[in-house]
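On a predicted model such as this, the values are computed, not experimentally measured, just so you know.
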Amino acid sequence: MKQFRKERRVKEIGRLGLLRGLTAPHLPLFIADMSVGIVFFLCAVIPGLALREFLNELPDQTTGWVIPLAPLLAYLGFKAAEAVGAASWMAVDTVFRFRIYNDVRIRLTERLLRRPGALPPPVATGDILSRYREDTVEVAEVLGKRGLQLVTSSVVTSTVTLAFLFSISLHITVLAVLPTLGIAVLAFGVSRRIKELQHRTRQTAGDVSAFLRDAFDGIETVKVNGSSHHFVERVRAINDRRRQAAVLNGFFSGVLTSSQAVVVLIGTALVMWISADEIDRGAFYVGDFAYFVYALGSFGTLVNAIGQFVSKYQRFSVTGERLREILPSKMLRDLVEQTPKPIAPAPTTEMLAIGSQGVGPGTEKAVLEVRDLCYRHPNGMPVVQDFNLTARAGELVVITGRAGAGKTTLLRAIQGTLPRSSGSVSVRGQTLPAGVAMAPPFMSLTPQTPHVFSDSLAANVLLGRPSSDLGHALVVSTLDLDVARMPGGADVEIGPRGHRLSGGQLHRLAAARMLAHPADVLIIDDLSASLDVHTEHRLLRNLRCAARESVLIVVSNRPTVIALADQIHDLSS
């Protein structure tokens, strides 16, 4: 165990490792983004120098007025180039940031979909959506033109500007940059407080999303119990906490980002104070003074960039912690590595031969073998112990037992949506990996509580399969007659949670979905609660005819279904 923990620590990456890993695939675009930003900022240096030369070359009134054109044209030209650079930087940076948070969202989605489906999510679903929607953006923002890119460009520009200022007057330059150093120290001093506020802001935002989702999911319960006022007050209280955190966070961030004006104001006053005598002596010119005031804007931009970066990096720190919480492995490395393909047994020559020749009831070769299967609840309590099953093609296996005996848990452990504690499951002689949700062509499921999407009936059945599979699936699931009476047929919109369908229609839709995704093992988790005896009997008969090469496992306590079974496993005993 100690060795495993040590290996885990070595493999995990920190916040900087996450940023490096996300940037690596887009390194050319990252460099282009940084280069365009630096060029854009450096374009702002030239107009200041041109302004200095223009003012210094203005003649006295005794010699007449001849406007020096070269500095003036340089000033106007580079101001135009600065505008073009701003547009170019925005375009390149937008592409870069979108690619980064697109990668984060895709990896997060892939990892969440590989999570055992029957285990509850680590946080409320609404909070997961908040993290998926908002936190992933923060990862890209810390690298973009309002984060790292802004600081880099500002540092380069300030360094170049500082060199020019030193060449004009060393002691005035040192005095002028003191406010910049003071604000920078302040920014790092309040960074910990900003992180705490960022965490509170993010957490309360997730709390609002989670509570609203729960409230809308249970809207009928709220109305029946007359609890609308209670829920409104809860929403108001949560939003008040969110508002307080957001106000404090905005205050500290605003102080840092608005310090640019403070730097320019104090720096200008200091330059005016110390340079007055030197201008009288002719050691410091009007153009030099104008350039110092102009250059102070660069230092103000640097302070603003530092303030923004500190704020964004602290937000990013909170984001990393929040994303780690919902990743199945709890490791940020998952966001920078390609998601491995689901582990699946490669078809052997024997399997291909069986598939091409077809098999029927009575064939000796087993399709499904379950050996000594055990599943323990996370609290350690055993739910399934030493379950064994051997089923051949065409057989109907009925799982029965009292309520709470573990029938649904058994099916999930066989299918892999719950990680098995011990034992093995094999399909056509190939052992399936533990803890991985199976997909066709191995197993397919009609759950006890089907999930449907706010889409057409056909789209809910097919889920990406060819439309040619729809007709057969509807007929076998006995849903074809119902569809024929619906306006629009199979293209009818079933509404959120399928509220336009009855409970029986929803379960037969799920059965049709299972048939549209052929598998070696078809699992039906108790249709008795939503189907009458006649419809359930007809559905099972159709399934047995349509799936002669598969094993059909059904959870039911109905005598009529048990009478059809080739095998019966009673979990009550």
Requested in this report: Could you tell me which non-hydrogen atom of Ile562 sits nearest to which non-hydrogen atom of Val398, and how far apart they are?
Outcome: CG1-CG1, 4.1 Å
Requested in this report: Working to the nearest 0.5 Å, report the span between CD1 of Ile399 and CD1 of Ile414.
Outcome: 6.0 Å
Query raised in the report: Taking atom types as modelled, is there a side-chain donor on Asp570 or Thr400 under 3.5 Å from an acceptor on the other?
Result: no
Report task. Evaluate side-chain contact (heavy atoms from CB on, under 4.5 Å) for Leu531 paired with Arg508, printing each intermediate quantity in order. Result -> CA-CA 9 Å; Leu531 298 181; Arg508 283 181 287 155; 4.0 Å; yes
Query raised in the report: With Arg371, which residues qualify under salt bridge (charged side-chain N to carboxylate O under 4.0 Å, His left out), at least two apart?
Result: Glu369
Query raised in the report: Which heavy atom of Pro518 sits nearest a heavy atom of Ala516, and at what distance?
Result: CD-O, 3.4 Å
Query raised in the report: Within a strict 4.5 Å, meaning less than it, do heavy atoms of the Leu522 and Val554 side chains meet?
Result: no
Query raised in the report: Would you say Val139 and Leu335 make side-chain contact, with heavy atoms under 4.5 Å?
Result: no
Report task. Give a yes or no answer on whether the side chain of Ser550 reaches the backbone of Ala519 with a donor-acceptor pair at less than 3.5 Å. Result -> yes
Report summary line: For Gln448, the side chain to side chain donor-acceptor pair (under 3.5 Å) test, sequence neighbours excluded, returns none
**Report entry** Nearest atoms (heavy-atom pairs only) where Ala413 meets Tyr375
**Finding:** CB-CB, 4.3 Å
**Report entry** Heavy-atom closest pair, residues Thr319 and Asp135
**Finding:** CG2-O, 3.0 Å
Query - Euclidean distance, Glu493 CD relative to Asn460 CG, rounded to 0.5 Å - result: 9.0 Å
**Report entry** All side chain to side chain contact (heavy atoms under 4.5 Å, CB included) counterparts of Arg541, not counting sequence neighbours
**Finding:** Arg538
Requested in this report: Using a 4.5 Å cut-off on heavy atoms from C-beta on, say whether the side chain of Thr94 contacts that of Met90.
Outcome: yes
Query raised in the report: Roughly how far, to the nearest 0.5 Å, is CD of Glu337 from CE of Met331?
Result: 8.0 Å
Query raised in the report: To the nearest 0.5 Å, how far apart are CZ in Arg412 and NZ in Lys407?
Result: 12.5 Å
Report task. State plainly whether the residues Glu141 and Arg97 are in salt-bridge range, i.e. N to O under 4.0 Å. Result -> yes
Query - Closest non-hydrogen atom pair between Leu515 and Ala473, with its separation - result: CD1-O, 3.9 Å
Query - Minimum side-chain heavy-atom gap Ile326-Leu108 below 4.5 Å - result: yes
Report task. Quick one: list whatever passes ring pair (Phe, Tyr, Trp, His ring centres under 6.0 Å) with His472, sequence neighbours left out. Result -> none
Requested in this report: State, with a plain yes or no, whether a side-chain heavy atom of Val336 is found less than 4.5 Å away from one of Leu18.
Outcome: yes
Query - Donor-acceptor contact below 3.5 Å, side chain Arg376 vs main chain Ser421 - result: no
Query raised in the report: Counting N and O atoms only, with roles assigned by atom type, does the side chain of Arg402 sit under 3.5 Å from a partner on the main chain of Ser572, one being a donor and the other an acceptor?
Result: yes
Requested in this report: Would you sort out whether Ile524 and Leu552 count as a side-chain contact (heavy atoms from CB on, under 4.5 Å), showing the intermediate values?
Outcome: CA-CA 8 Å; Ile524 300 178; Leu552 181 61; 4.1 Å; yes
Query - Leu539 CG to Ser477 OG distance, which is reported to the nearest 0.5 Å - result: 7.0 Å
Query raised in the report: Taking only residues two or more places apart in sequence, or in another chain, which ones meet Tyr132 in a ring pair (Phe, Tyr, Trp, His ring centres under 6.0 Å)?
Result: none
Report task. Taking the side chain as every heavy atom from C-beta outward, state whether Met443 and Val425 have any atom pair closer than 4.5 Å. Result -> yes
Query - Least distance between heavy atoms, Arg111 atom then Pro328 atom - result: O-CG, 3.3 Å
Query - Enclosure of Phe98 CZ (heavy-atom neighbours >12, cutoff 6.0 Å) - result: no
Query raised in the report: Does a side-chain heavy-atom distance below 4.5 Å link Glu110 with Ile106?
Result: yes
Query raised in the report: Between Asp372 and Asn388, is any pair of side-chain heavy atoms under 4.5 Å apart?
Result: yes
Report summary line: One should read off an interatomic distance between Arg324 CZ and Asp334 CG, to the nearest 0.5 angstrom, of 10.5 Å
Query raised in the report: Hey, what's the ring geometry for Phe96 with His26, parallel, tilted or perpendicular (30° and 60° as the breaks)?
Result: perpendicular
Requested in this report: For residues 378-427, pull every pair meeting ring-ring contact (aromatic ring centres under 6.0 Å, His included), keeping only residues two or more places apart or in separate chains.
Outcome: Phe387-His569
Query raised in the report: Is there a donor-acceptor pair closer than 3.5 Å between any side-chain N or O of Asp526 and the backbone N or O of Ser556?
Result: no
Query - Stepwise side-chain contact (heavy atoms from CB on, under 4.5 Å) check, Leu462 with Ser467 - result: CA-CA 7 Å; Leu462 296 172; Ser467 56; 4.2 Å; yes
Report task. Let me see the working for Val555 and Thr408 under side-chain contact (heavy atoms from CB on, under 4.5 Å), right down to the final yes or no. Result -> CA-CA 8 Å; Val555 168; Thr408 297; 5.7 Å; no
**Report entry** N/O donor-acceptor pair under 3.5 Å between Thr136 side chain and Val104 backbone
**Finding:** no
